[in-house]
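Heads up: the structure comes next, in structure tokens.
Below, each value reflects all heavy atoms present in this structure, side chains not excepted, and no hydrogens, waters or symmetry copies. The sequence lines fix the lettering, A, B, ..., with proteins before strands; numbering per chain opens at 1.
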Amino acid sequence: MNKKKKNILLLLLALACLAGAGAFYAYKEFNRKAEDLSSAKAAYQVTAVELIDAFTGNEAGSNAKYLSQVIEISGTLKKTDQDEKGNRILVLGDSTSMSSVRCSLDSLYGKAGVFEQGSLVKMKGLCTGFMADDLGIGSDVILTRCIPIKQ
Amino acid sequence: MKKLFILIALFGLFNAAQAQNRFFTKTGKISFDATTPKSPENIDAVNKNSTCVLDSKTGDIQFSVLMKGFEFDRALMMEHFNENYAESDKFPKTIYKGIIVNNAAVNYSKDGSYPAKVKGKLTMHGETRDLETEGTLTIKNGKVAVSAIFPALLSDYRIGIPQLVADKVAKTAKITVDCTLEPLTK
């Protein structure tokens, strides 16, 4: 094999490798699932009451700061809500107030773990926004894909 | 002083009466589907943290949903939805405010399934449009289950679909509401 043919072969091989790597990346990216937050680093550490106050005082500013951020939140468990599939939502905040931080547990976390009403819980979750109290049912900061943090 | 007590008592009674007429949930399920026969995969998502309030006396009904709360099967689709279509940082919330037109025909104190026609306005992506549909109210054990499908023409809400994927994304998204409301007690 002369040198020219060898170079063309190497070039074709390199192109095939590149195309293969591109296709693999595209396949991985296309099928990528939402990140499990258990290993994610929290951008902010706040209490439930602080987070509610921040959104109530300045919704636009707090949206800019907290939206899509992983937040480590701590607060008193007011109650636990459940949807029809049994997925749990831990409602944190001041029990004398109608406003809360609602933390939807990640389905990866399953239905394990017992959370006692009135206890102090710490979670890590993704902030998806704020529901202002324009319906007379209290305002809520919503965190999804929450993972409890052991204390 | 006596008058003040009477006033406070009347205010309390008014609030209690108003609360009894209202049903609500904060765990409502609202999903959307923009799949077409040519879509290579399902273009759908669900939000399980929707808020819904219904006033059984007036028929007023309102849904609120946070755009970033929609869960997709694929993370890439969720990113495209939030960044390129819904622009969720700029327009974080979608709200529907409507009224049940035939509310008088619904007996909220008797278990049963009642057809409901709702008329109202949907605010999404910063645009507000009239939107009406027909759904069902199911009364059972003091709770009200609301189910309805709202067809939303995406161009009405300035949600553009790139030419390259024009036949792969539906022009009209199907917004499905599935909420079970409980009496609001204050």
Side-chain angles (χ1 to χ4, degrees), chain A residues 25-36 55 59-60 62-69 78-91 98-108 125-146, chain B residues 15 18-19 21-29 40-41 45-55 60-80 82-83 86 88-97 143 145 178-186:
Chain A
Y25 174 77
Y27 175 79
K28 286 268 286 180
E29 187 62 7
F30 181 74
N31 289 301
R32 179 165 53 89
K33 301 286 179 195
E35 181 194 12
D36 168 12
F55 272 98
E59 185 177 348
S62 297
N63 270 334
K65 183 175 178 182
Y66 294 115
L67 222 56
S68 298
Q69 298 293 329
K78 292 164 76 171
K79 61 171 180 165
T80 305
D81 280 350
Q82 255 184 358
D83 67 16
E84 73 272 22
K85 284 192 175 167
N87 297 311
R88 289 176 298 176
I89 299 142
L90 304 191
V91 184
M98 283 185 78
S99 299
S100 313
V101 176
R102 297 177 63 83
C103 308
S104 299
L105 282 183
D106 194 318
S107 56
L108 291 171
L126 194 75
C127 182
T128 60
F130 178 64
M131 291 286 202
D133 187 18
D134 49 2
L135 297 169
I137 54 173
S139 51
D140 297 293
V141 182
I142 310 291
L143 301 189
T144 59
R145 288 159 44 202
C146 291
Chain B
N15 267 349
Q18 203 181 34
N21 296 326
R22 298 176 82 200
F23 294 84
F24 86 110
T25 184
K26 292 185 177 186
T27 55
K29 199 167 88 179
E41 58 190 325
V46 62
N47 187 317
K48 297 174 200 153
N49 284 299
S50 313
T51 298
C52 176
V53 174
L54 165 69
D55 188 321
D60 287 329
I61 190 161
Q62 181 169 331
F63 306 102
S64 300
V65 62
L66 292 170
M67 300 308 276
K68 290 229 172 180
F70 276 105
E71 296 168 21
F72 289 74
D73 197 32
R74 291 188 165 91
L76 187 67
M77 195 185 284
M78 184 166 73
E79 287 159 15
H80 283 171
N82 283 316
E83 289 162 17
S88 307
D89 280 325
K90 212 167 155 188
F91 308 106
K93 226 177 284 178
T94 287
I95 298 173
Y96 182 80
K97 286 181 185 176
K143 293 182 182 178
D178 182 9
C179 298
T180 301
L181 317 184
E182 295 185 14
L184 176 64
T185 48
K186 278 189 179 176

Item to check | Spacing of A/D81 atom CG and B/E182 atom CD [to the nearest 0.5 Å] | outcome: 8.0 Å

Checklist entry - Is it the side chain or the backbone of B/T180 that comes within 4.5 Å of chain A heavy atoms, both, or neither? => result neither

Next on the checklist: Report which part of B/D73 has an atom under 4.5 Å of a heavy atom belonging to chain A: side chain, backbone, both, or neither.
Outcome noted: both

Checklist entry - Where the side chain of B/K26 meets the backbone of A/R102, is there a donor-acceptor pair that is under 3.5 Å apart? => result no

Item to check | B/T51 to A/M131 - nearest heavy-atom pair and separation | outcome: OG1-CE, 3.8 Å

Item to check | Interface moiety of B/E71 toward chain A, non-hydrogen atoms closer than 4.5 Å | outcome: neither

Checklist entry - Under 4.5 Å between any side-chain heavy atoms of A/I89 and B/T27, yes or no? => result yes

Checklist entry - Is there a side chain to side chain contact (heavy atoms under 4.5 Å, CB included) between B/N49 and A/T144 once you walk through the steps? => result CA-CA 9 Å; B/N49 284 299; A/T144 59; 3.9 Å; yes

Next on the checklist: Looking at B/K97, I'd like to know if its NZ atom is crowded, meaning that more than 12 non-hydrogen atoms belonging to other residues, nucleotides or ligands lie closer than 6.0 Å.
Outcome noted: no

Next on the checklist: For a quick test of reading the model, state the closest non-hydrogen atom pair linking A/N63 to B/P92 and the distance between them.
Outcome noted: ND2-CG, 3.9 Å

Checklist entry - Rounded to the nearest 0.5 Å, what separation is found between the OG1 atom of B/T25 and the CD1 atom of A/I137? => result 8.5 Å

Next on the checklist: Within the 3.5 Å criterion, strictly below it, is a donor on B/K48 or A/S104 matched to an acceptor on the partner's side chain?
Outcome noted: no

